[in-house]
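Accompanying notes for the structure given below.
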Amino acid sequence: MSAKLIKGTEIREEILEEITKEVAEIKEKHGVVPGLVTILVGESPASISYVTLKIKTAHRVGFNEIQDSQSEDISEADLLALIDKYNNDDSINGILVQLPLPKHINEKKVLNAIDPDKDVDGFHPVNVGRLMIGGDEVKFPPCTPFGIQEMIIRAGVETSGAEVVVVGRSNIVGKPIANMMVQKGPGANSTVTIVHTRTKDLAAHCKRADILIVAAGVPDLVKPEWIKPGACVIDVGVNRVGEKISEKTGKKIAILKGDVDFDAAKEIAGYITPVPGGVGPMTITMLMLNTLKSLKFKLGLM
Ligand code: GUN
């Protein structure tokens, strides 16, 4: 193996330690801690497991965490009223509505009802606009791209003038990370290309990339011969390709594969993120950082 592994599991620990320390300092000086509410509608096992991990992490870093579970049949109006309640609750700095929502609820309407200054997911159009403007206009970058940029910075990869190719144009990953890498500032100043399902020659674009960020949701889409030797490869894909019995717990667990053929790619790339244990752990970590930032904005510390 020639590539250096960028491990999200290790970077997560560093960042959570930093957050814990800062939360304790703010508590000491200002007598408050960040407040995060997670709203879960229904009982989807995947959503329950995400929310449980968010709550556990929030407790670990010393936040005040409110878990608000609502039944699957809550009306849209009642959910909007609940959001309004938390928008007006001074002790709450971050509101997270776990997605997806049941079909009878308009997701866009719900996300747009969150106060943009408490939108720690960074999904509200105001925060998308702030991200597009860049610089000190930015409040809450969406958590997965925020995590990707932080991994690139902490790995010491040069981004200024780098050719960044982003595979995928989703609102949650592809578009925001492309936007972030093109801005002026640390961990950015890159020349960015977004490629997608209608791109004519995917391979040719990928081969130019000094930093290749893949968020396509297609297992093993990126072939080793598409990778420039020494490039930094960030694999955002988490594809369930089967099941196996866990050696640790004896329970059935999903076999996960990224969007990049890892075993072959690691022999060519200079840096690469594994799946699992790469980008995945960064998303919740950056949610915590956004919630801390929200309190710091309110206290005038940022
Ligand atoms: N469901 C899956 N990922 C996410 C996320 O990052 N934020 C929210 N709110 N819901 C999700």
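This one's a predicted model, so the numbers in the text were calculated from it and none came from an experiment. Order of listing sets the numbers, starting from 1, for every ligand and every atom in it.
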Pick out the protein N or O atoms lying less than 3.5 Å from any N or O of ligand 1, and list each pair with its distance.
{"unit_1": "ligand 1", "atom_1": "1 (N)", "unit_2": "Gln98", "atom_2": "NE2", "d": "3.0"}
{"unit_1": "ligand 1", "atom_1": "1 (N)", "unit_2": "Leu99", "atom_2": "O", "d": "2.9"}
{"unit_1": "ligand 1", "atom_1": "7 (N)", "unit_2": "Asp121", "atom_2": "OD1", "d": "3.2"}
{"unit_1": "ligand 1", "atom_1": "7 (N)", "unit_2": "Asp121", "atom_2": "OD2", "d": "3.3"}
{"unit_1": "ligand 1", "atom_1": "9 (N)", "unit_2": "Val97", "atom_2": "O", "d": "2.8"}
{"unit_1": "ligand 1", "atom_1": "9 (N)", "unit_2": "Asp121", "atom_2": "OD2", "d": "2.6"}
{"unit_1": "ligand 1", "atom_1": "10 (N)", "unit_2": "Leu99", "atom_2": "N", "d": "3.0"}

Item to check | Remaining members of the apolar cluster that contains Ile255, side-chain heavy atoms under 4.5 Å | outcome: Val241
Checklist entry - Is the shortest distance from a Lys or Arg side-chain nitrogen in Glu17 or Lys21 to a carboxylate oxygen in the other one below 4.0 Å? => result no
Which donor-acceptor pairs under 3.5 Å do side chains of residues 114-122 form with protein atoms, sequence neighbours excluded?
{"unit_1": "Asp115", "atom_1": "OD1", "unit_2": "Asp117", "atom_2": "N", "d": "2.8"}
{"unit_1": "Asp117", "atom_1": "OD1", "unit_2": "Arg130", "atom_2": "NH1", "d": "3.3"}
{"unit_1": "Asp117", "atom_1": "OD1", "unit_2": "Arg130", "atom_2": "NH2", "d": "3.0"}
{"unit_1": "Asp117", "atom_1": "OD1", "unit_2": "Lys139", "atom_2": "NZ", "d": "3.3"}
{"unit_1": "Lys118", "atom_1": "NZ", "unit_2": "Tyr86", "atom_2": "O", "d": "2.9"}
{"unit_1": "Lys118", "atom_1": "NZ", "unit_2": "Asn87", "atom_2": "O", "d": "3.0"}
{"unit_1": "Lys118", "atom_1": "NZ", "unit_2": "Asp89", "atom_2": "O", "d": "2.8"}
{"unit_1": "Lys118", "atom_1": "NZ", "unit_2": "Ile92", "atom_2": "O", "d": "3.0"}
{"unit_1": "Asp119", "atom_1": "OD1", "unit_2": "Gly122", "atom_2": "N", "d": "3.3"}
{"unit_1": "Asp119", "atom_1": "OD1", "unit_2": "Phe123", "atom_2": "N", "d": "3.4"}
{"unit_1": "Asp119", "atom_1": "OD2", "unit_2": "Phe123", "atom_2": "N", "d": "3.1"}
{"unit_1": "Asp119", "atom_1": "OD2", "unit_2": "His124", "atom_2": "N", "d": "2.8"}
{"unit_1": "Asp119", "atom_1": "OD2", "unit_2": "Asn127", "atom_2": "ND2", "d": "2.7"}

Checklist entry - Does the side chain of Thr38 come under 3.5 Å of the side chain of Glu65 through a donor N or O and an acceptor N or O? => result yes
Checklist entry - Is any NZ, NE, NH1 or NH2 atom of the basic residue among Glu225 and Lys207 found under 4.0 Å from an Asp or Glu carboxylate oxygen of the other? => result no
Pair up each side-chain donor or acceptor in residues 74-83 with any protein partner under 3.5 Å, not counting sequence neighbours, and list the distances.
{"unit_1": "Ser75", "atom_1": "OG", "unit_2": "Asp78", "atom_2": "N", "d": "3.1"}
{"unit_1": "Ser75", "atom_1": "OG", "unit_2": "Asp78", "atom_2": "OD2", "d": "3.4"}
{"unit_1": "Glu76", "atom_1": "OE1", "unit_2": "Asn106", "atom_2": "N", "d": "2.8"}
{"unit_1": "Glu76", "atom_1": "OE2", "unit_2": "Lys109", "atom_2": "NZ", "d": "2.9"}

